[in-house]
S.K.: 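If you scroll down you'll find the structure; I have some questions about it.
Labels below follow one simple rule: chain letters A, B, ... track the order of the sequence lines, proteins then strands, and each chain is numbered from 1.
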Protein chains: 2
Amino acid sequence: MGKRPTRDDVAKEAGTSTAVVSYVINHGPRPVSPTTRRRVLDAIRKTGYLPNGIAKSLANGSSDTYALLVTDLANPFLAQMAQSLERELFARGKDLLVGDSGDDPARQLDLLEAFQRQQVSGLVWYGVDQPLPLDAIDAYPGTVVMLNQPAGQEPRPSAGRRVRLDVDESREARMATEHLLSHGRRHVAIVAGPTQRLNSRERIHGWRAAIDDAGLEPGRIITAPYTREGGRQAAFQLGSDVDAVFASNEMQAMGLLAGLAERGMKAPDDVAVAAMNGTAGAAYLVPSLTTVQLPQGPIARDIANALTRNEPSGGTGRTGRTGEEAIASAPRLVTGHSCGC
Amino acid sequence: MGKRPTRDDVAKEAGTSTAVVSYVINHGPRPVSPTTRRRVLDAIRKTGYLPNGIAKSLANGSSDTYALLVTDLANPFLAQMAQSLERELFARGKDLLVGDSGDDPARQLDLLEAFQRQQVSGLVWYGVDQPLPLDAIDAYPGTVVMLNQPAGQEPRPSAGRRVRLDVDESREARMATEHLLSHGRRHVAIVAGPTQRLNSRERIHGWRAAIDDAGLEPGRIITAPYTREGGRQAAFQLGSDVDAVFASNEMQAMGLLAGLAERGMKAPDDVAVAAMNGTAGAAYLVPSLTTVQLPQGPIARDIANALTRNEPSGGTGRTGRTGEEAIASAPRLVTGHSCGC
DNA sequence: TTGAAAGCGCTAACAT
DNA sequence: ATGTTAGCGCTTTCAA
């Protein structure tokens, strides 16, 4: 980093004190006469001065930087979240740091520590696994928005503000499954995530509830990683009686479609398919994939607002008894051809 | 950010000076006796001290933060790059900031400024358009790794180190096209990007060269945005004589396959398809997509090395006459079924 | 309305 | 081997 002009250079150039330069730049906290303001502004332009955000953060005791910590930055669902979040934060003059835990708990912990060192003011967290490492969350200072924290947890004392994205995994799975049933399908299997994961179990629960409500027998539960290859492998475990499959995420669904094609099975004719946590890309698969999607734009906006809103309580060890903050997310069904529509 | 323990607290706890604490933490620059070291380490553990990276950066005059500035974080190719880069930087104890220009030049400029304010030590840049805004690049202090800077540019004086990812767009397009021809296809069209873009023209050039070399007539050039929808629309502009299509990027190819399916055209039977800048997802399209891919892992490693390598020259206005730094990228053909393989 | 100066937490040159 | 202290660039209180 070369020698860049500092606030001192600007002050000198403008013939004022350094404090005044601050007042001008920050529009406060003290007023500055129009004349002086002009001189400062000119000096800034002349010197090509750019404030040093690092120094500012140190003096302020808080940074303009936030972080997104997820399990897989290349997962379309998460990549889209990164994109939306960056947009919103940038619009608010904030920066976004990213971390990819790669589903590794140790790595996740290291990233948390790294973010703390960098004094990030807030963290958006899609945790490695359910149940989440609550101790680490509790100890984390600053605001934490949890993307995959299950509802109905006991409020626990935490070192900072906690906000939960209110996702109902079970309901989303149910919506997708019900749609498959509405097409007259009777044997709906599920490609589930690893069963030790809570979100996986919740999705299974929703799938099952839809089938129970219809008075039908549940189809096979095929467990697979939340990956494309996991979905592909699952396709080869499908019995010939199955006429529909609910996939627990879009990547699995994508692999499933690929696997079905390999087996020479037609979707939706032989097997109808629907998934949850879909993205914009679902519409361009062959056949176009029916998914339940979350309104990422609004969600990202709410998250950014929550992050940058002045912390209501800065203290330590506060219990979130004040009606636990949550961000709403209204899932909607986006139909393609994979379901038979 | 709550009141966290500082180096002073640690020093007090350990009964030493603050300098010694620094020496221990940084393994230098002065030696510390084993006894004292232990006491400091214990004090650190006891207080739960975590160094303040912001303060460290200020004192050092350089940060451990780097930035990735791209046109579309949700583009699989770029998302994969973000992931790989984050991995490599994290392994080196560095942080990664992301910026999404959304193909907007003004936004790109704003992001550049924001990164400068944050004192990022290096920037990885996939620029909005060709030709790149060279003035902004030249003025950028610190190391800049350019992901889509064409080769053979005049060396220009710049404010920091400049590294170019050595991609030969033309060659990659040619590789994909030649592969289509090797399957006996004779009428190869191209879905090209916007023609005002240099990279688009280079890809057209490579496609054309392959066809010329084979002594054939070039097929239709269909211009479309670098998006899935662009590719889909292109499918509807294909004449019945076309027996193969080269798509200029993976998103276009994905849309193209979708569009072909909509039209009832079979790939690869009716039309063979191949693309460049493919990702791991290509293998799971239907049919699996043949692409030319760049070795993202090694590339990310080289970029991280370039970024974190001590700057050979910190000065201002240095011309890169010293054999312009470049990072190699060896494209390889990854075959799927879309080409007829 | 403006200026002087005390920090913010850390590094490292300079003393001891 | 360890301690003292002057910055790094900025914010903001306190004086003027």
S.K.: Look only at the side chain of A:Ser121 and the backbone of A:Tyr66, and say whether a donor-acceptor pair between them is shorter than 3.5 Å.
M.R.: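 Not a single qualifying donor-acceptor pair exists.
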S.K.: Are B:Gln119 and B:Thr65 side-chain neighbours, meaning at least one heavy-atom pair lies under 4.5 Å?
M.R.: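 No - every pair of side-chain heavy atoms lies 4.5 Å or more apart.
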S.K.: Would you mind reading off the distance between B:Lys12 atom NZ and D:dT2 atom C1', rounded to a whole angstrom?
M.R.: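 So the NZ-C1' distance, B:Lys12 to D:dT2, works out to 18 Å.
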S.K.: Whole angstroms only, please: what is the CG-C1' distance between B:Asp8 and C:dC10?
M.R.: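 Going from B:Asp8 (CG) to C:dC10 (C1'), I get 9 Å.
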S.K.: In whole angstrom, what separates B:Arg117's CZ from D:dG9's P?
M.R.: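 Rounding to the nearest Å, CZ of B:Arg117 and P of D:dG9 are 16 Å apart.
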S.K.: May I ask you to decide if B:Asn52's main-chain N or O and B:Arg4's side chain share a donor-acceptor pair within less than 3.5 Å?
M.R.: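 Between the backbone of B:Asn52 and the side chain of B:Arg4 there is no qualifying donor-acceptor contact (under 3.5 Å).
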S.K.: Taking B:Gln108 for the side chain and B:Val128 for the main chain, is one N or O donor matched with an acceptor at less than 3.5 Å?
M.R.: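 Looks like yes, one N/O pair under 3.5 Å.
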S.K.: Would you jot down, in residue-number order, the residues of residues 32-40 of chain B having a non-hydrogen atom under 4.0 Å from DNA chain C?
M.R.: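 None, since no heavy atom is under 4.0 Å.
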S.K.: Charged N to carboxylate O below 4.0 Å: is that the case for A:Arg38 and A:Asp42?
M.R.: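 Yes.
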S.K.: Do A:Ile299 and A:Ser84 have side chains that get closer than 4.5 Å, going by heavy atoms?
M.R.: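 No, side chains not in contact.
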S.K.: Tell me the interatomic distance from A:Arg4, atom CZ, to D:dC8, atom P, rounded to whole angstroms.
M.R.: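 Going from CZ in A:Arg4 over to P in D:dC8 covers 16 Å.
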S.K.: When the distance from CG of B:Asn52 to P of C:dC8 is rounded to whole Å, what number comes out?
M.R.: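 One finds 12 Å between P of C:dC8 and CG of B:Asn52, rounded.
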S.K.: When you compare the protein's N or O atoms with those of nucleotides 12-16 of chain D, which come within less than 3.5 Å of each other, and at what distance?
M.R.:
residue: D:dT13; atom: O4; partner: A:Tyr23; partner atom: OH; Å: 3.0

S.K.: Roughly, in whole Å, what's the span from CD1 in A:Ile25 to C1' in D:dC10?
M.R.: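 Rounding to the nearest Å, CD1 of A:Ile25 and C1' of D:dC10 are 9 Å apart.
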S.K.: If we ignore hydrogens and angles and just use 3.5 Å, is the side chain of B:Arg39 paired with the main-chain N or O of B:Ala14 as donor and acceptor?
M.R.: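 Indeed, once roles are kept as given, a pair shorter than 3.5 Å links the two residues.
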S.K.: Report yes if at least one side-chain N or O of A:Thr6 is closer than 4.0 Å to OP1 or OP2 of D:dG9; otherwise report no.
M.R.: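 False: A:Thr6 side-chain N/O out of range (4.0 Å or more) of D:dG9 OP1/OP2.
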S.K.: Heavy-atom distance under 4.5 Å between the side chains of B:Tyr49 and B:Asp9, does that happen here?
M.R.: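 No. Closest side-chain heavy atoms not under 4.5 Å.
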S.K.: Only one of B:Arg301, B:Gln80, B:Gln83 passes side chain to side chain contact (heavy atoms under 4.5 Å, CB included) with B:Gln296; say which it is.
M.R.: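 Testing B:Gln296 for a side chain to side chain contact (heavy atoms under 4.5 Å, CB included) against B:Arg301, B:Gln80, B:Gln83 leaves exactly one candidate, B:Gln80.
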S.K.: Just how far, in rounded Å, is C1' of D:dG9 from NZ of A:Lys56?
M.R.: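 Distance check: A:Lys56 NZ to D:dG9 C1' gives 12 Å.
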S.K.: When the nearest nucleotide of DNA chain D is assigned to B:Leu58 and to B:Ser17 on a heavy-atom basis, which residue is associated with the more 5' position?
M.R.: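 Looking at DNA chain D, the more 5' nearest nucleotide goes with B:Ser17.
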